[in-house]
**Student:** 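For reference, the structure I am asking about is given below.
Computed over heavy atoms, backbone and side chain alike; hydrogens, waters and symmetry mates excluded. Just so we're on the same page: letters track the sequence lines, and every chain starts at 1.
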Amino acid sequence: MRRAYSDFMKALNDGKFVFTGEIEPKKTTKLEGIIEAAKVLKNHVVACNVTDNPRARAYLSSLVASYVIQRDVGLETICHITVRDRNRLALISDLLGASALGIKNVLVISGDHTTGGDNPGAMPVYDLDSTQFVQMVRGMVDKGIDLNGNPIDGMVKLHVGVVGNPNADPLEVELCKVERKIDAGAEFIQTQIVFDVEKAKRFVKELNSSVPVLIGIFPCKSHRIAEFIANKIPGISVPKEYIEGLKSAGASGNGSEIINKIDMVNVEYFSTLIKELRRTTKTAGIHIMTMGYESIVGKITDRALDGTSR
Amino acid sequence: MIITKSKPKEAVLRSLEDHERVFIVGCGTCATLCQTGGEEQVNEMANILGKKACGKVVVETPCDIRILRRDLSSHSNIIAASDAILALCCGSGAQAIGEFTDKIVIPGLDTLFVGETERIGRFYERCRACGECIIHETGGICPIVRCAKGLLNGPCGGMANGKCEAGGHVRDCAWVLIYKRLEGQGMVEKFKEIRKVRDRSKKAEPQELKTR
Ligand code: SF4
Ligand code: SF4
């Protein structure tokens, strides 16, 4: 086992059941939003992911946001780095910068294609792919050299994680790809969001990963969001019972009653899913994406853990 | 083959606005097969330009200076008296024409890609001339071109139901195609290998090949 530089990695190495959250910086120069979100997450997750130009939209830098969240809120971050927007020179320099600023975890993302983003005329870079990025980080952390073998002054103290997709069809192709990334030296896996517990179970079992796998979930604030995911995002299936539950929760009552009922549906649905995964698979933790619905995180983690220890 | 597409007529006319006498050069090879710079398209362009068109010729391969010399020689006086040449060929041909004649060259086509022909009017990009062919590692399918992200260790997370995220899940994901091809050839192990980073310096500067 490699040495753990981060609390996140320590918790995983200790065999704790780990929760991570996610914060999305926007097209803004204001930091209040991410700081507030991080404060809400702080006591419920070991670390929070910070997205890097998600859906190919040009937003405030993930590196800057990660640094500010760690400095001002004291919440450890997992800084996303996409290979879409930077060539190897820029990737190396961001990794050096991240390590210098005390960021200890990075998650490499291929990045949604530029043509679907908010500046579709952009040049997609992809100088390295995510597997090659992992290999590069291994050289930097384990040997103190950059991609071309040039020595680095000072230690690079970073853990590198990758993404897997339990919804992928054909799944065997996805599994081969994730295995490659593990072979390259990835230290943890966080998955694309899953609603169907059977898909998550199958992924964890068939991958039989030698590194920890955190399954991604996304509690929806309304049935409309759940329906959007079910209908508009190819490959992700959302069980009908869940959508119906959200729908009836939102059908009557005043604002705060509705919020409470929606919360209850999410807490019930996802804590059951989490418990099932813990009971039947070697899932190492849960990655909770919220997009503005941070208040649900503590409620889900509390319920998922009641009667058990982390 | 080099696949080309005609620029919109209005755009071509606009680029020719300031020129009185225009000589049209077509291509007898790729642009003829693409129906963008053959006899028919050269004649059609001459009709559109009317009096402006001072002459025309389809050069067998305008990207080859030797063939240009041969095929343009009988037109040298008209070309010398023209204001500009309208090139109905790929960008390489258009530049060779400019280099050879020293005339203002207006491109009449957009050069799209190195492609495979299914039938006339159906062309698919298959090679980006990357300088180091690796398709023996990928089941004979080029990931540089056919994966929208040019990944060497795909598929990416955007693949759904075997289709590619880019363009909205219409095209097949190259990495699923590669998997299936290798699986059919009993070579899935090849798929699982990690393909190393590419040496991009091969394409970082203008390429020249001088073997003699
Ligand atoms: S790998 Fe692809 S782009 Fe490179 S030479 Fe071969 S076919 Fe062309
Ligand atoms: S879906 Fe497949 S072809 Fe499209 S970018 Fe991803 S890996 Fe490449």
**Student:** Tell me, with the steps shown, if Glu198(A) and Lys201(A) meet salt bridge (charged side-chain N to carboxylate O under 4.0 Å, His left out).
**Tutor:** CA-CA 5 Å; Glu198(A) 294 307 322; Lys201(A) 282 161 74 173; 3.5 Å; yes

**Student:** Flag the one option from Ile178(B), Val188(B), Asn161(B) with the top tally of heavy-atom pairs under 4.5 Å to chain A.
**Tutor:**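 Most heavy-atom pairs within the cutoff with chain A belong to Asn161(B).
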
**Student:** Check each atom of Ile236(A) against the heavy atoms of chain B and say whether the ones under 4.5 Å are side chain, backbone, both or neither.
**Tutor:**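 Nothing of Ile236(A), per the 4.5 Å heavy-atom cut-off to chain B.
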
**Student:** Heavy-atom distance under 4.5 Å to chain A: side chain of Tyr179(B), backbone, both or neither?
**Tutor:**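 Contact with chain A involves the side chain of Tyr179(B) alone.
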
**Student:** Would you mind checking which part of Pro170(A) comes under 4.5 Å of any heavy atom in chain B, side chain (CB onward), backbone (N, CA, C, O), both or neither?
**Tutor:**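 Contact with chain B is through both the backbone and side chain of Pro170(A).
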
**Student:** Arg180(A), Gln132(A), Lys177(A), His113(A): which one forms the most heavy-atom pairs within less than 4.5 Å of chain B?
**Tutor:**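 Option with the greatest count: Arg180(A).
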
**Student:** Just by modelled atom types, is the Leu152(B) backbone N or O under 3.5 Å from a matching donor or acceptor in the Trp175(B) side chain?
**Tutor:**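 No, the answer is negative, given that no donor and acceptor are paired below the 3.5 Å cut-off.
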
**Student:** Under 4.5 Å, counting heavy-atom pairs only, tell me which of Cys164(B), Cys156(B), Cys173(B) racks up the most with chain A.
**Tutor:**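 Top count of heavy-atom pairs under 4.5 Å with chain A: Cys156(B).
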
**Student:** Between Tyr242(A) and Phe270(A), what is the ring plane arrangement, given parallel below 30°, perpendicular above 60°, and tilted in between?
**Tutor:**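 Ring orientation of Tyr242(A) relative to Phe270(A): perpendicular.
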
**Student:** If we check salt bridge (charged side-chain N to carboxylate O under 4.0 Å, His left out) with Asp118(A), which of these qualifies: Arg57(A), Arg55(A), Lys27(A)?
**Tutor:**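 Result for salt bridge (charged side-chain N to carboxylate O under 4.0 Å, His left out) with Asp118(A): Lys27(A).
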
**Student:** Take Glu125(B) and Arg128(B) through the test salt bridge (charged side-chain N to carboxylate O under 4.0 Å, His left out) and record every step on the way to the result.
**Tutor:** CA-CA 8 Å; Glu125(B) 185 176 17; Arg128(B) 209 161 281 167; 3.2 Å; yes

**Student:** Go through the side-chain N and O atoms of Thr20(A) and Gln190(A) and say whether any donor and acceptor fall under 3.5 Å apart.
**Tutor:**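 Yes, side-chain donor-acceptor contact under 3.5 Å.
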
**Student:** Specify which of Gly111(A), Ser130(A), Gly116(A) makes the most heavy-atom pairs with chain B at under 4.5 Å.
**Tutor:**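 Max contact count across the listed options: Gly111(A).
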
**Student:** Of all the residues in residues 161-168 of chain A, which have a heavy atom that comes within less than 4.5 Å of a heavy atom in chain B?
**Tutor:**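 Counting heavy atoms that sit under 4.5 Å from chain B, the residues of residues 161-168 of chain A involved are Asn165(A), Ala168(A).
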
**Student:** Which atoms of Arg84(A) are under 4.5 Å from chain B, going by heavy atoms: the side chain, the backbone, both sets, or neither?
**Tutor:**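 Neither part, no heavy atoms under 4.5 Å.
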
**Student:** Where on Lys163(B) is there a heavy atom nearer than 4.5 Å to chain A: the side chain, the backbone, both, or neither?
**Tutor:**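 For Lys163(B), no heavy atom lies under 4.5 Å from chain A.
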
**Student:** Taking it one step at a time, do His287(A) and Ile217(A) satisfy side-chain contact (heavy atoms from CB on, under 4.5 Å)?
**Tutor:** CA-CA 6 Å; His287(A) 176 60; Ile217(A) 61 168; over 6 Å; no

**Student:** For the candidates Val83(A), Asp127(A), Val125(A), Thr114(A), which exhibits the highest count of non-hydrogen atom pairs separated by less than 4.5 Å from chain B?
**Tutor:**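 Among Val83(A), Asp127(A), Val125(A), Thr114(A), the one with the most close pairs to chain B is Asp127(A).
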
**Student:** So, Thr36(B) and Thr4(B): side-chain donor and acceptor under 3.5 Å apart, yes or no?
**Tutor:**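 The answer is yes; a qualifying pair exists.
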
**Student:** Between Arg200(B), Lys149(B), Lys192(B), Arg195(B), who has the most heavy-atom pairs with chain A when the cutoff is under 4.5 Å?
**Tutor:**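 Most heavy-atom pairs under 4.5 Å with chain A: Lys149(B).
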
**Student:** Take Glu183(B) and Arg181(B) through the salt bridge (charged side-chain N to carboxylate O under 4.0 Å, His left out) test and state the conclusion after the steps.
**Tutor:** CA-CA 5 Å; Glu183(B) 190 185 36; Arg181(B) 179 77 65 82; over 6 Å; no

**Student:** Should we say atom CD of Glu206(A) is surrounded by more than 12 heavy atoms from elsewhere, each under 6.0 Å from it?
**Tutor:**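 Yes - once you tally the heavy atoms of other residues, nucleotides and ligands closer than 6.0 Å, there are more than 12.
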
**Student:** Are the aromatic ring centres of Phe123(B) and Phe113(B) under 6.0 angstrom apart?
**Tutor:**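 Ring centroids of Phe123(B) and Phe113(B) are no less than 6.0 Å from each other.
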
